[in-house]
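The figures that follow rest on heavy atoms only: side chains count, while hydrogens, waters and symmetry mates do not.
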Amino acid sequence: QVQLVESGGGLVQTGGSLRLSCAASGRTFSSYAMGWFRQPPGKEREFVAAINWSGGSTYYVDSVKGRFTISRENAKNTVYLQMNSLKPEDTAVYYCAADRGNRGYPRVLNPYEYDYWGQGTQVTVSS
């Protein structure tokens, strides 16, 4: 069993930055692909970014390309989401997720391909 705990959310003005962290328990973190998803108010959960087990491959939804960066430190069992140039439409609860199968593209875009989820952290961008 893997437990994921997100942190780093908060309230920020348009154009600001936040860095989300997701700390994982367990010794197999380095073999998992990791993803970030978000759920805006009143909407379904959507893919944001994903990274393979080594960090050598990353994937982003078009709306965050050039603004968000996903990275990982396997020695710390942690994955990050650096979010810059934030916009009000980025407001959502952000979740990290782990994929035991380390599935590649395009399966990493699908939330149902992930095996473990964190509890989420709220990000609010004011205009």
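The shortest non-hydrogen separation linking L4 to Y116 is CD1-O, 3.5 Å. Here the closest heavy-atom approach between residue N77 and residue F29 is recorded as CA-CD2, 3.5 Å. The heavy-atom pair separating E113 from R103 by the smallest distance is O-NH1, 2.8 Å. Taking every heavy atom of both residues into account, Y59 and V108 meet most closely at CD1-CG2, 3.8 Å.
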Could you go through the side chain to side chain donor-acceptor pair (under 3.5 Å) check for N74 and R72 one step at a time?
CA-CA 6 Å; N74 286 343; R72 66 190 299 161; 2.7 Å; yes
Can you check salt bridge (Lys or Arg N to Asp or Glu O under 4.0 Å) on D90 and R67, steps first, answer last?
CA-CA 11 Å; D90 295 317; R67 300 189 298 123; 2.8 Å; yes
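Shown here are the salt bridge (charged side-chain N to carboxylate O under 4.0 Å, His left out) partners of E6, two or more places apart in sequence or in another chain: there are none.
The side-chain heavy atoms of Y114 and M34, taken from C-beta on, include no pair separated by under 4.5 Å. Counting only heavy atoms from C-beta outward, the side chains of Y95 and Q39 approach each other to under 4.5 Å. Two residues are said to be in side-chain contact when any heavy atoms from C-beta on lie closer than 4.5 Å; Y94 and Q122 fail this criterion. At a threshold of 4.5 Å between non-hydrogen side-chain atoms, the residues T91 and V123 do not count as touching. You'll find the side chain of Y60 reaches within 4.5 Å of the side chain of I70, heavy atoms only. In this structure the side chain of Y32 never reaches within 4.5 angstrom of the side chain of D99, judged on heavy atoms.
Between the T78 side chain and the K76 main chain, a donor and an acceptor come within less than 3.5 Å of each other.
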Enumerate, atom names and distances included, each donor-acceptor pair closer than 3.5 Å involving a side-chain atom of residues 43-52, sequence neighbours excluded.
from : atom 1 : to  : atom 2 : distance (Å)
E46  : OE2    : R38 : NE     : 2.6
E46  : OE2    : R38 : NH2    : 3.3
N52  : OD1    : G55 : N      : 3.0
N52  : OD1    : G56 : N      : 2.9
N52  : OD1    : S57 : N      : 3.0
N52  : ND2    : S54 : OG     : 3.4

Only distances under 3.5 Å count here; give the side-chain donor-acceptor pairs of residues 8-25 to other protein atoms, sequence neighbours excluded, each with its distance to 0.1 Å.
from : atom 1 : to   : atom 2 : distance (Å)
T14  : OG1    : S126 : O      : 2.7
S17  : OG     : N84  : OD1    : 2.9
S25  : OG     : Q3   : N      : 2.9

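Taking the six-membered ring where the residue is Trp, F37 and W117 present tilted rings, their angle falling between 30° and 60°.
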